[in-house]
Amino acid sequence: MRVSKIETPEPFNLDYSLECGQVFHWKKIGEYWHGVLGNGAIKLRQIGEHLEFTGSSGVDWHDRIQNYFRFDDDLKSIARVISHDKFVSHALQKYRGLRILRQDPWECMLSYICATNTNIPQIERMLDNLCRTFGERMTFDAKEFYTFPSADTLAKASVASIRDCKAGYRAEFIKATANVIAKDVTIFDKIRTYTYGEAREELLRKFQQKKIFKGIGPKVADCVLLFSLDKLEALPIDVWILRTIVNQYARLFDKEFLSKLGHRGSLSFKDYDIISKTMRDYFGKYAGYAQEYIYHYARTLL
DNA sequence: AACCAGGTGAGGA
DNA sequence: TCCTCACATGGT
């Protein structure tokens, strides 16, 4: 269990990238982040322009880390494309080095199914319960870790046992979606090659009047596309983004459209599409990056 | 007690 | 096609 080092691209900030709300299963203990990536546990910290880490054996951690933290993104170029906007430009400076992650699609999908109509502490609890109940236990660095439950495992689990993880009414969505993924293991590889529009269509596609992915609406679909399937123009709209749009980007919309939104709790599919289209046109092909900076800024400062 | 939290599905207009 | 409301859970 030797300490390894890997050089980070410029800019990169580990804390911002893991804290900004795009992922739920990392824990910071002291100065080290602890987590599970696929079948391996790892702890890591950032020192200047390096990542220092130790991970469980049998894993090509260099490759996995570079892939997960999207070291392949040219963040400087991305920033140039979205920083024409004052608000985002400010957030880009404040959270310099925040990167979108490239999560495992199934993990991401399950996470965001759990993330509907609840709050972050409960999401973390739900996912932790699911991992402890259905994941594989391992010991690393004298600590306990659990892998994320596979779609196969959850497809075989009872709805009641998923509900016991405090998943509530989401338990049947999880089970139904796990069934679909377990039966079609190449589906994510396929979707990854699609354009954003095609990929989104596929995730939301209806099959004989019935959704094949239960629990996945426009927001969850955009999260999966952005955080795991390389669709950087995907712009998930949740309550925080909506609030910020109303406060900071009202100029991009009709007045009556915004006031209509005001006195309704959640977004209709139609209104979601209008806002999504407008914001993607405004920010361009890296709209998802803009979204994440706006989200983190809104969560921490507004 | 009522409302909110990284929304979505079912059912009716 | 579009809108309204219930929904498990836990905190305030």
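What you see is a predicted model; the values in this text were computed from it and never measured. Every chain is numbered from 1 and lettered A, B, ... according to where its sequence line falls, protein lines coming before strand lines.
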P spacing across the pair C:dA8 / B:dG11, given as an integer number of angstrom: 14 Å
A:Arg243 side-chain N/O to B:dA5 phosphate OP1/OP2 under 4.0 Å: yes
Distance-only donor-acceptor check, side chains A:Asp73 and A:Tyr289, under 3.5 Å: yes
A:Asp128 CG - C:dG10 P separation (whole Å): 14 Å
Sugar-phosphate only, base, or nothing, as touched by A:Gln22 at under 4.0 Å among non-hydrogen atoms: base
Sugar-phosphate, base or nothing in reach of A:Pro121, heavy atoms under 4.0 Å: nothing
Out of B:dT8, B:dA5, B:dA10, whichever nucleotide has its closest atom nearest the side chain of A:Lys214: B:dA10
side-chain hydrogen bond (donor to acceptor under 3.5 Å, both in side chains) contacts touching residues 45-55 of chain A (sequence neighbours left out): A:Glu31-A:Arg45, A:Tyr32-A:Arg45, A:Arg45-A:Glu52
Touch class at under 4.0 angstrom, heavy-atom based, for A:Ile237 against every strand present: nothing
Residues forming a salt bridge (charged side-chain N to carboxylate O under 4.0 Å, His left out) with A:Lys143, sequence neighbours excluded: A:Asp141
Interatomic distance, A:Phe269 CZ vs C:dC2 C1' [rounded to whole Å]: 11 Å
Touch class at under 4.0 angstrom, heavy-atom based, for A:Lys270 against every strand present: sugar-phosphate
Co-members of the apolar cluster containing A:Ile65 [side chain, <4.5 Å]: A:Ile6, A:Phe12, A:Leu14, A:Leu18, A:Val23, A:Trp26, A:Trp33, A:Leu37, A:Ile42, A:Leu44, A:Leu51, A:Phe53, A:Val59, A:Trp61, A:Tyr68, A:Phe69, A:Phe71, A:Leu101
Pairs where residues 92-127 of chain A contributes a residue and the test ring pair (Phe, Tyr, Trp, His ring centres under 6.0 Å) is met, not counting sequence neighbours: A:Tyr16-A:Tyr95, A:Phe24-A:Tyr112, A:Tyr95-A:His296, A:Tyr112-A:Phe227
Nearest-Å distance for atom pair CE/C1', residues A:Met126 and C:dG10: 10 Å
Nearest-angstrom distance from the residue atom CG of A:Asp273 to C1' of C:dC3: 15 Å
Spacing of A:Asn119 atom CG relative to C:dG10 atom P, expressed in whole Å: 11 Å
Interatomic distance where CG belongs to A:Asp164 and P belongs to C:dG10 [whole Å]: 12 Å
N/O (side chain, A:Lys166) to phosphate O (OP1/OP2, C:dG10) under 4.0 Å: yes
Touch class at under 4.0 angstrom, heavy-atom based, for A:Tyr272 against every strand present: nothing
Sugar-phosphate, base or nothing in reach of A:Ile113, heavy atoms under 4.0 Å: nothing
Nearest-neighbour nucleotide for the A:Val239 side chain, C:dG10, B:dG7, C:dT9 considered: B:dG7
Rounded distance in Å - CD1 (A:Ile120) to P (C:dG11): 16 Å
First of A:Gln122 and A:Gly217 reached from the 5' end of DNA chain B, by closest nucleotide: A:Gln122
All pairs passing salt bridge (Lys or Arg N to Asp or Glu O under 4.0 Å) where residues 174-189 of chain A contributes a residue, at least two apart: none
Distance below 4.0 Å between A:Ser268 side-chain N/O and C:dC3 OP1 or OP2: yes
Inter-nucleotide P distance (B:dA2, C:dA6), Å rounded: 13 Å
A:Glu144 and A:Arg132 ion-paired at < 4.0 Å: yes
Span that lies between the P atom of B:dC3 and that of C:dC5, in whole angstrom: 13 Å
Aromatic ring pairing A:Phe173/A:Tyr169, orientation class (parallel under 30°, perpendicular over 60°, tilted between): perpendicular
Residue-level proximity of residues 168-183 of chain A to DNA chain C when a heavy atom falls under 4.0 Å: A:Gly168, A:Tyr169, A:Arg170
Selected nucleotide, minimal atom distance to A:Pro218 side chain, candidates C:dA8, B:dT8, B:dA10: B:dT8
A:Lys285 atom NZ: more than 12 heavy-atom contacts under 6.0 Å: no
A:Glu124 CD to C:dT9 C1', straight-line distance once rounded to whole Å: 15 Å
